[in-house]
Number of protein chains: 2
Amino acid sequence: MKHVTIKDVAKYLNVSVSTVSRAFNDKYDIRKETKELILKTAEEMGYHPNPIAKKLSQNRSLNIGVVVPEFINEYYSEVIIALQESLVSKGYQVLVMQSDENEKQELKNVKTLIYDMVDGLLIAPTIGHENISYYLKRINDGYPIVFLNRVDESIPASKVIFNNIKWSFFATEHLIRQKYEKIYHLSGYRDLCVSKERIEGFKKAMNKHKISKENYKIIEAGLLAKEGKEVIEDLIFHHDIPDAIFCVNDMVAFGAIKKLKDNGYRVPEDVAIIGFTETRMAELVTPQLSSVKQPTYEMAKAAGELLLKKINNNEIPDETIIMNGELNIRKSSVKGNLTELL
Amino acid sequence: MKHVTIKDVAKYLNVSVSTVSRAFNDKYDIRKETKELILKTAEEMGYHPNPIAKKLSQNRSLNIGVVVPEFINEYYSEVIIALQESLVSKGYQVLVMQSDENEKQELKNVKTLIYDMVDGLLIAPTIGHENISYYLKRINDGYPIVFLNRVDESIPASKVIFNNIKWSFFATEHLIRQKYEKIYHLSGYRDLCVSKERIEGFKKAMNKHKISKENYKIIEAGLLAKEGKEVIEDLIFHHDIPDAIFCVNDMVAFGAIKKLKDNGYRVPEDVAIIGFTETRMAELVTPQLSSVKQPTYEMAKAAGELLLKKINNNEIPDETIIMNGELNIRKSSVKGNLTELL
DNA sequence: TTGTAAGCGTTATCAC
DNA sequence: GTGATAACGCTTACAA
């Protein structure tokens with residue numbers, strides 16, 4: 001497995017290594033014929049520039065670190081795919097680490113990647129504020145970091161986020177317009193900024209439509225199906241079943257639907273349900289789940305491009321991109337005839 | 001962002017760079033106090049060995065390439081998580097590329113990774129045989145490659161695979177034992193080895209129980225929910241609805257169930273369904289989906305370990321690990337009382 | 001136990 | 001346009 005090196009090619013062609021190097025890097029002057037001969041010969045000899053040597057001599061790793069809370073759900077899988085596609089084509093390698101929704105693990109991941117000399121970092125933080133201040137410090141040191149999702153709009157850094165407040169407002173308002181009178185929100189972990197924002201959107205809709213406090217409730221569930229189930233179990237136990245539920249995400253909605261159906265409640269006739277961050281399964285469950293679709297792919301791609309800009313010029317000012325989604329109404333949230341509504 | 005180098009530490013402490021290097025690499029003799037002083041000072045100075053320089057001088061990248069067909073489904077997400085966990089702790093970085101079930105893309109990914117000098121490759125191939133012969137050639141050249149899933153048992157290479165024939169046999173037999181008389185198999189792409197094996201297991205069960213050819217059918221669907229739906233649409237159109245269906249995976253099963261229910265068929269009363277490669281959603285749909293659970297995490301971990309063994313000693317003989325699963329019977333495949341059966 | 005210096009495979013700064 | 005050569009930051013014989 002001996003690799004052919006630039007020296008081998010140079011010696012074989014009786015040229016200097018610099019000439020061979022130049023042939024492989026367009027930026028220098030070199031006679032056209034020389035270049036072509038070198039490239040042809042190199043190809044025949046099976047020469048490929050050693051990326052590690054290149055990295056060392058150019059003092060950059062051409063690696064991008066990506067830290068996500070998880071990627072067992074579709075959302076971050078899609079994020080990673082989008083990032084790979086846009087970054088690999090630009091010569092970068094993408095190193096992905098997941099934090100398992102654990103603050104300590106996340107910091108460890110980030111440090112590992114920084115020690116590994118990634119040229120920049122894309123972070124979708126989990127719960128907790130301490131890490132954020134560490135990241136901001138690194139950004140101040142000149143480390144290119146872009147946040148994706150999961151950060152507050154107020155945070156002074158480049159980021160691509162979703163307009164959670166707005167779309168959670170729309171999702172909630174959709175329920176209100178259906179004349180459901182008692183509406184609950186199964187929220188995500190309170191410390192998570194996207195949860196907070198979705199709660200805020202929910203409250204906004206309640207206020208706008210002057211729903212009295214007895215007729216809505218915000219219950220912390222989490223992000224997993226299991227947690228949706230548990231809340232519903234509790235509600236059933238207390239005979240406290242609302243007319244409609246807005247869930248922080250589809251997984252919680254799936255769990256809720258399951259538990260409701262198991263206990264004889266019909267969805268949407270007895271309880272209407274709407275999710276968030278649409279998954280492919282939304283269309284496959286019965287009834288089909290209404291949800292808010294996020295432009296996941298576009299968000300990730302934008303974040304990748306923002307990061308590359310930052311890597312190439314750290315002086316550019318912070319940029320915040322806030323994206324919008326789409327409310328996809330399906331059977332789970334509509335009492336009457338769905339087609340009439342659409 | 002100037003990095004502290006080994007030279008800085010050496011100069012500061014009036015020792016040679018080799019001594020500092022030795023302090024960071026246990027394998028050499030070095031006085032305990034010297035080592036401790038160096039490590040302490042290095043820490044204070046914020047020194048971290050530059051991994052790129054290390055890679056160059058040791059002529060290895062400490063990178064492992066992983067090529068999967070996709071990771072939008074849970075299966076390969078879990079594979080990647082398992083690999084990361086076991087490989088990162090051993091000092092390796094994991095570079096993941098997905099082929100999108102496209103043979104050409106897969107070969108491109110593999111070549112990219114080889115040019116990027118990964119120390120070894122883990123491949124879960126997509127459809128098509130041409131690539132396989134290329135991979136076998138590389139293995140013969142001495143490149144450490146381990147296959148995961150998606151390869152035939154007969155292939156002369158190290159691999160970790162699932163006993164598809166056996167578990168597809170069990171899944172099918174479970175349907176037969178329920179006295180379903182007309183049983184169809186919605187298979188994956190015919191060219192995909194796991195599909196072939198699952199078909200084989202299905203046939204085996206049919207033969208064993210002497211089901212006549214009029215009473216079973218194998219229909220190529222694919223791996224996506226959409227494809228499951230399409231087949232069912234077709235069957236409904238031709239008034240050709242069986243009593244039970246064994247689907248190549250859960251996604252196809254979800255699609256099938258959805259389409260059946262939309263057309264007034266009850267599952268399992270009218271048509272029983274069983275999936276394969278259990279997903280988390282299996283427990284959340286109505287009715288809950290019976291499926292075959294694979295030890296995904298363990299398979300991936302075993303593959304990672306096999307690869308490391310190969311990287312450290314290319315002379316070891318090929319090893320094939322065949323893993324077994326678990327048949328999880330749920331409501332979707334059982335006509336009577338589920339608890340009686342369990 | 002520690003130091004010296006060659007080497008890993010490139011790029012980049014000079015000369016020519 | 002091309003060639004020599006230092007430099008990137010580390011490891012590792014070999015010498016001391």
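Per chain, numbering begins at 1; letters A, B, ... match sequence-line order.
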### Task
With DNA chain C as reference, determine whether A:S21 or B:R31 sits nearer its 5' end, using the nearest nucleotide of each.
B:R31

### Query
Between atom CD1 in B:I6 and atom P in C:dG3, what is the gap in whole Å?
12 Å

### Task
Answer yes or no: does a side-chain N or O of B:S18 lie under 4.0 Å from OP1 or OP2 of C:dT2?
no

### Task
Please say which of A:V67, A:D100, A:N102 ends up in a side-chain contact (heavy atoms from CB on, under 4.5 Å) with A:N109.
A:V67

### Message
Measure NZ/A:K11 against C1'/C:dG9 and give the value in whole Å, please.
### Response
13 Å

### Task
Tell me whether the OP1 or OP2 atom of D:dT2 has a side-chain N or O from A:T19 closer than 4.0 Å.
no

### Query
For A:N149 and A:Y75, does a side-chain donor sit closer than 3.5 Å to a side-chain acceptor?
yes

### Query
Do A:E106 and A:Y135 have a side chain donor and acceptor closer than 3.5 Å?
yes

### Query
If you check every side-chain atom of B:T34, which of C:dT11, C:dT2, D:dT2 has the closest atom?
C:dT2

### Task
I would like to know whether A:E36 and A:K40 meet salt bridge (charged side-chain N to carboxylate O under 4.0 Å, His left out); could you show each step before the answer?
CA-CA 6 Å; A:E36 277 164 4; A:K40 188 168 150 283; over 6 Å; no

### Message
Whole angstroms only, please: what is the CG-P distance between B:N25 and C:dT2?
### Response
15 Å

#### Entry: Value in whole Å for how far the C1' atom of C:dT2 lies from CG of B:N14
13 Å

### Task
Give the rounded distance in Å between these two atoms: NZ of A:K7 and P of C:dT10.
9 Å

### Query
Any chance the side chains of B:T126 and B:E101 put a donor and an acceptor closer than 3.5 Å?
yes

### Message
What is the distance, to the nearest angstrom, from the CG atom on A:D26 to the P atom on D:dG1?
### Response
14 Å

### Task
Describe the nucleic acid contact of B:T5 in one word from base, sugar-phosphate, nothing, applying a heavy-atom distance below 4.0 Å.
sugar-phosphate

#### Entry: Nearest-angstrom distance from the residue atom CZ of B:R22 to P of D:dT11
11 Å

## Note on the structure
Rounded to whole Å, the CD1-C1' distance (B:I30 to C:dG3) equals 12 Å

### Query
Under 3.5 Å, is there a donor-acceptor pair linking the side chains of B:E103 and B:N131?
no

### Query
Among residues 35-63 of chain B, which contact DNA chain D at a heavy-atom distance under 4.0 Å?
B:Y47, B:H48, B:P49, B:N50, B:A53, B:K54, B:S57, B:Q58

### Task
Would you kindly say whether A:T19 and A:S16 are connected by a side-chain donor-acceptor distance under 3.5 Å?
yes

